[in-house]
Visitor: 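Handing you this structure, nothing more for now.
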Amino acid sequence: MCGIAGFFRKTADHPEVGGVALNMLNALACRGPDSAGVALYGSPQPGRMVVRVTLGEHPDARIPACIHAAVESFGASDFSEVGAYLRFTIAEQSPGAKLNGLIKAIETVSPEVEVVSVGRALEVVKQVGSPANLEATFSVSAFVGSHALGHTRLSTESKVDLSHSQPFWGHGYPDLAIVHNGHITNYHQLRRRYEQRGVRFYTENDSEVVAIYLAECLEQGSGLLGAFEAMMKELDGSFSCLAATASEMGFIKDPFALKPLVFTETDAFVAVATEEVAIRAALPGNYAVSEPQARAARVWTRPA
Amino acid sequence: MTQLNAADLSTRELNSRLRDLVARDDAEIHVENPGARHNLAVAMLKSGKIRFRGSVGYYCGGLADGISIEIDGSAGWGLAESMLGGTFRVHGNAGNGAAAAIRGGTVVIEGDAAARLGVSMKGGTVIVAGDCGYMAGFMGQKGVLVVCGNAGDAFADSLYATECYVGGEIKSLGTDAVASEVTDEEAAALESLLAANLAPELRALKPQARRFRKVVAGRKLWNFDKREWKIWREAL
């Protein structure tokens, strides 16, 4: 099971992308009672990046102060704390080495601490429980932005906690987030390959490898559609998967069309979800919905 | 005609109302705001007419026998699954596994069908005006499957004796599926089937019956023969 959803605005309509994503997730709540999460894309602040850090299940009161100290050299400011998250902004960093330095600085504070997302536009918010609980803690519906991904999780193979929840950030690659419904059957093989290169895995969740894989493709400059094409060849199993960057959102379906996914595109928006009921619940109007065929991959790009 | 508002009713209440109205020989029931919900009008075992004024979700009209269902939007997975008899018309697209394992009746999809269309058909008629996806017609035993547009990969894999016709391109044939030309007789029968089931303006957009290709079983998988192990290895 699991439910995934994506919403991409093309016009000034529906500015509250958080609200649309939440309504979609509420309709998909029964597909994934274990956890709920969203990847929200807001308006970038020039020269700044948003960092979201989870403090763990039973955070020590001293941890936020330690993180403040650890990120000072990155020009950190605008600290706020909601739920189990610490949010702040830093001076824009280039991907790769500098971002890895930031992650390392934060995560050495405590083993409980994890960087959940970094990006100019991206903010990942996820937790154990229902979409309604997510809204109660984080007021997701008020979030204004350009596009959003959402996920409701029914855990089948790995444990239920915040880390194992989705969306997954493409660790180290700013603004990339993915949601995945399915199983990656060559996960262990791929994981070994990445670990030999020193890539750190945070979870036992096979969906994490999708984020890592796409991050690497994007780093090599292939673009999201090119990354999807490579993923179709290298990742086995069943996947209906959505991915987004600061300017793009897209979906990919596995070669056997094993997992559900439907989408619609109007002049005003693109909406993708595991079930049509989620699109209809969130977006009234007269539009046609269709299920993409096996091996389908589509990407929508915001004009620069 | 009776109108029901699905937004005011639970799925159980709605289906029970539909069943009662059909039992009372209500001529036609319109369901407003179906909202792509699942399991609508399942196991309707009497004749009657139901029109959904929007999209339906998974398993709409599953196990039907005798009902006529029209859907103004699209349908989710498992439309009309295991139907014994009745007619379905979808004005939009249909999801995975439409008309799977039907034994009778007619399913017309005016848009596209996703993967696994009409798998394991044991009778009945399926007509898709648009394209169909991966593995359509898999292990079809009886009945007629017509795709006016293009067919996806592994079309008619492991086929028995469903009559399969494709008007557009076939991306790839399934194991043991063989494509051939239609005979004049088959073209005439196909033409009258399409004329009877598609509106003239929609029919006019689709290829002429004699341009369709027929796909039949190569019969290599019907009986196991050790000497043909290679074919089996690929099929399994």
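Convention: sequence-line order gives letters A, B, ...; per-chain numbering from 1.
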Visitor: Picking from B/Gly95, B/Ser55, B/Gly76, B/Gly73, which has the most non-hydrogen pairs under 4.5 angstrom with chain A?
Guide: B/Ser55

Visitor: Give a yes or no on this: more than 12 heavy atoms of other residues, nucleotides or ligands lie within 6.0 Å of atom NZ of B/Lys49.
Guide: no

Visitor: B/Gly133 and A/Gln293: which non-hydrogen atoms are nearest, and at how many Å?
Guide: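 For B/Gly133 and A/Gln293, the tightest heavy-atom pair comes out as CA-OE1, 3.0 Å.
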
Visitor: Report which part of A/Glu291 has an atom under 4.5 Å of a heavy atom belonging to chain B: side chain, backbone, both, or neither.
Guide: both

Visitor: Is the number of heavy atoms from other residues, nucleotides or ligands under 6.0 Å of B/Asp20 CG greater than 12?
Guide: yes

Visitor: If you count heavy atoms of other groups shown closer than 6.0 angstrom to OH of B/Tyr160, is the number above 12?
Guide: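 No - once you tally the heavy atoms of other residues, nucleotides and ligands closer than 6.0 Å, there are 12 at most.
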
Visitor: Which residues, numbered in order, of residues 252-277 of chain A come under 4.5 angstrom of chain B by heavy-atom distance?
Guide: A/Pro255, A/Phe256, A/Ala257, A/Leu258, A/Lys259, A/Pro260, A/Thr274, A/Glu275, A/Glu276, A/Val277

Visitor: Are the side chains of A/Arg295 and B/Asp153 in touch, meaning some heavy atoms are under 4.5 Å apart?
Guide: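 Counting from C-beta outward, A/Arg295 and B/Asp153 do come under 4.5 Å.
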
Visitor: Is chain A contacted by the side chain of B/His91, its backbone, both, or neither, given a heavy-atom distance below 4.5 Å?
Guide: neither

Visitor: Does atom CZ of B/Arg17 have more than 12 heavy-atom neighbours from other groups under 6.0 Å away?
Guide: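 Open.
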
Visitor: A quick test of your reading: do over 12 heavy atoms of other residues, nucleotides or ligands sit less than 6.0 Å from CZ of B/Arg211?
Guide: no

Visitor: Identify which of B/Gly35, B/Ala154, B/Gly92, B/Pro34 forms the greatest number of heavy-atom pairs closer than 4.5 Å to chain A.
Guide: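 Highest number of heavy-atom pairs under 4.5 Å: B/Gly35.
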
Visitor: By number, which residues in residues 110-121 of chain B have some heavy atom less than 4.5 Å away from chain A?
Guide: B/Ala113, B/Ala114, B/Ala115, B/Arg116

Visitor: Check the surroundings of atom CD in B/Glu169: do more than 12 heavy atoms from other residues, nucleotides or ligands lie under 6.0 Å from it?
Guide: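 Incorrect, the count does not exceed 12.
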
Visitor: Non-hydrogen contacts under 4.5 angstrom with chain B: give the residues of residues 3-27 of chain A involved, or none if there are none.
Guide: none

Visitor: For chain B, find its close neighbours in residues 230-242 of chain A: heavy-atom separation under 4.5 Å, sorted by number, or none.
Guide: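 When heavy atoms of chain B are the reference, residues 230-242 of chain A contributes no residue within the under-4.5 Å range.
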
Visitor: What heavy-atom pair brings B/Asn93 and A/Val289 nearest, and what distance separates the two atoms?
Guide: ND2-O, 3.1 Å

Visitor: Verify the neighbour count for atom CZ of B/Arg103: are there more than 12 heavy atoms of other residues, nucleotides or ligands below 6.0 Å?
Guide: no

Visitor: So for B/Asn33, is it side chain, backbone, both, or neither that comes closer than 4.5 Å to the heavy atoms of chain A?
Guide: neither

Visitor: Give a yes or no on this: more than 12 heavy atoms of other residues, nucleotides or ligands lie within 6.0 Å of atom NZ of B/Lys142.
Guide: no

